Amino acid sequence: MASINVSYLNPRTVILIGIPGLEHVQFWIGFPFFAVCLVSVLGNIILLIIIPTERSLHQPMYIFLAVLAATDIGLCAAIVPKMLAIFWFRSCSMAFDTCLAQLFSIHALQCIESGILLAMAFDRYTAICDPLRHKSILTPSILSRMIVMVAIRATVLVGLLPILIKRLHLFHSIVIAHSYCEHMAVVKLAAEDIQVNKICGLFVGFTILGFDMIFILISYILIFQAVFRLHQKEARLKAFNTCTAHIFVFLEFYILAFVSFFSHRFGHVAPSTHILLSTIYLLVPPALNPIVYGVKNKVIRKRVAQIFLLNHESQQ
């Protein structure tokens, strides 16, 4: 019997199947992801309440942290509602343009997060290696320009991805084996030459994530050199302690990012494993970031305690 080749010209909708091979347990998988998202949204909202209202936190590191918190909330909002709709309600269809908008939002927010981590590393480098000029270098206007440049860089470079997908017209399938619209998962549906799309995806990934990671590592090499030059042990510990939260956030973000990235392109892992890894990479750091900074900072800990005590007293 001859096989029938079906192709789709300019499809208007796509179908997201969730996690291939685990469809029978997707309903239950949704609950831990929902819990992680809830922790992330609540934790980051608390940071966005505390940082603007607490004058002692009006410092570059915490201004960047507030931007990171807003980015993390946006990331959860871009991924989780549709993912849970697939897992819990079998709502798998999505308009093709909406899929591209989700793709752009997710990857742009990832790149903004990477850029903010680089800005935070620069802040730590300046604070430790050139403390007398720290405030004069990172003025409010400079901070604003850095944040705007990070957003513009992400928007322009990631914006290339959906634009290049829109030039593809013929697709051999409209079924995406994923729980959200990821760049390569969408590109692989095309029945045309996708070499340009693959190259552009690698270019954007290495230009942003690779560039940022290299300069963050350089910043910390210089920071550690400056710290170990300090004669007093207490001074070394105090300087290093100001960096530990950022180091943890940096490591969790980039380790999970590169495991997800390389397992998808160069590894031989099951699709379900890759999708779980990529979803964990996108949702776990936003949940951990407010916890890490909340544990490390006394002011944030105190304000969080006050918020919950006030809520407790108002209920009595």
Side-chain angles (χ1 to χ4, degrees), residues 36-77 109 112-151 216 219-220 223 234-235 237-253 283-316:
V36 170
C37 178
L38 197 61
V39 170
S40 174
V41 171
L42 288 175
N44 286 296
I45 286 175
I46 288 171
L47 286 181
L48 288 175
I49 292 170
I50 292 172
I51 292 171
T53 56
E54 184 60 50
R55 291 189 63 83
S56 64
L57 297 179
H58 293 178
Q59 303 171 29
M61 174 60 78
Y62 294 101
I63 292 169
F64 290 138
L65 180 59
V67 177
L68 196 66
T71 303
D72 287 340
I73 292 171
L75 204 51
C76 289
L109 289 167
I112 290 172
E113 186 156 354
S114 177
I116 294 299
L117 289 176
L118 175 60
M120 293 168 92
F122 178 70
D123 168 70
R124 290 300 84 204
Y125 164 77
T126 310
I128 292 172
C129 298
D130 198 359
L132 296 178
R133 298 179 58 213
H134 178 237
K135 288 186 178 179
S136 62
I137 292 173
L138 291 174
T139 61
S141 63
I142 294 296
L143 293 179
S144 301
R145 289 175 192 174
M146 290 173 71
I147 294 166
V148 169
M149 287 302 296
V150 164
I216 290 171
S219 297
Y220 273 102
I223 286 169
E234 293 78 9
L237 289 173
K238 185 178 179 182
F240 183 73
N241 192 49
T242 63
C243 301
T244 52
H246 182 257
I247 290 171
F248 182 87
V249 170
F250 160 69
L251 288 175
E252 52 150 324
F253 179 85
L283 296 182
V284 169
L288 289 178
N289 293 348
I291 295 171
V292 171
Y293 279 97
V295 168
K296 288 295 297 178
N297 187 277
K298 291 180 181 179
V299 176
I300 294 176
R301 286 204 309 269
K302 184 179 177 182
R303 288 299 304 274
V304 170
Q306 287 174 346
I307 289 170
F308 283 103
L309 282 173
L310 285 172
N311 288 338
H312 179 70
E313 288 172 1
S314 63
Q315 290 173 0
Q316 290 180 342

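As the structure is a computational prediction, the values presented were derived from the model and not from experiment.
- You'll find the side chain of Asp130 stays beyond 4.5 Å of the side chain of Tyr125, heavy atoms only.
- Between Met149 atom CE and Ile142 atom CD1 the span is 11.5 Å, to the nearest 0.5 Å.
- Within a 6.0 Å sphere centred on CZ of Arg133, other residues, nucleotides and ligands contribute 12 heavy atoms or fewer.
- Contact check for Met146 versus Leu138: side-chain heavy atoms found under the 4.5 Å cut-off.
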Table please: side-chain donor-acceptor pairs of residues 112-120 below 3.5 Å, with sequence neighbours left out.
unit_1 : atom_1 : unit_2 : atom_2 : d
Ser114 : OG     : Asp212 : OD2    : 2.6
Ser114 : OG     : Tyr254 : OH     : 2.5

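- Residues Pro290 and Ile46 have side chains not in contact (no heavy-atom distance under 4.5 Å, counting atoms from C-beta outward).
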Chi angles and distances behind the side chain to side chain contact (heavy atoms under 4.5 Å, CB included) call for Val249, Glu252: CA-CA 5 Å; Val249 170; Glu252 52 150 324; 3.9 Å; yes
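- For Ser40 (side chain) and Val36 (main-chain N/O), no donor-acceptor pair under 3.5 Å exists by modelled atom type.
- Of the possible polar contacts, one joining the Thr53 side chain to the Ile50 backbone as a donor-acceptor pair under 3.5 Å is found.
- Taking each heavy atom of Ile300 and Gly294 in turn, the nearest pair found is CG2-CA, 3.7 Å.
- Considering all non-hydrogen atoms of both residues, Leu75 and Pro286 come closest at CD2-CG, 4.3 Å.
- Classified by interplanar angle (parallel below 30°, tilted 30° to 60°, perpendicular above 60°), the ring pair Tyr293/Tyr62 is perpendicular.
- The ring pair (Phe, Tyr, Trp, His ring centres under 6.0 Å) test applied to Phe253 returns Tyr281, not counting sequence neighbours.
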Tell me, with the steps shown, if Ile291 and Val39 meet side chain to side chain contact (heavy atoms under 4.5 Å, CB included). CA-CA 9 Å; Ile291 295 171; Val39 170; 4.2 Å; yes
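- Here Asn44 contributes atom CG and Asn289 contributes atom CG; the two are 7.0 Å apart, rounded to the nearest 0.5 Å.
- Taken from CZ in Arg303 to CD1 in Ile49, the straight-line distance is 9.0 Å, to the nearest 0.5 Å.
- Between atom CG of residue Leu47 and atom CG of residue Leu65 there is a gap of 5.0 Å, rounded to the nearest 0.5 Å.
- What you find for Pro131 and Ala127 is that their closest heavy atoms are CB-O, 3.2 Å.
- The minimum heavy-atom distance linking Gly74 with Leu109 is given by the pair C-CD1, 3.4 Å.
- Atom CZ of Phe250 has more than 12 neighbouring heavy atoms from other residues, nucleotides or ligands inside a 6.0 Å radius.
- If you take CD1 on Ile51 and CZ on Phe64, they are separated by 12.0 Å, rounding to the nearest 0.5 Å.
- Atoms CD1 and CG, on Ile137 and Leu143 in that order, are 11.5 Å from each other to the nearest 0.5 Å.
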Can you check side chain to side chain contact (heavy atoms under 4.5 Å, CB included) on His134 and Asp123, steps first, answer last? CA-CA 8 Å; His134 178 237; Asp123 168 70; 2.7 Å; yes
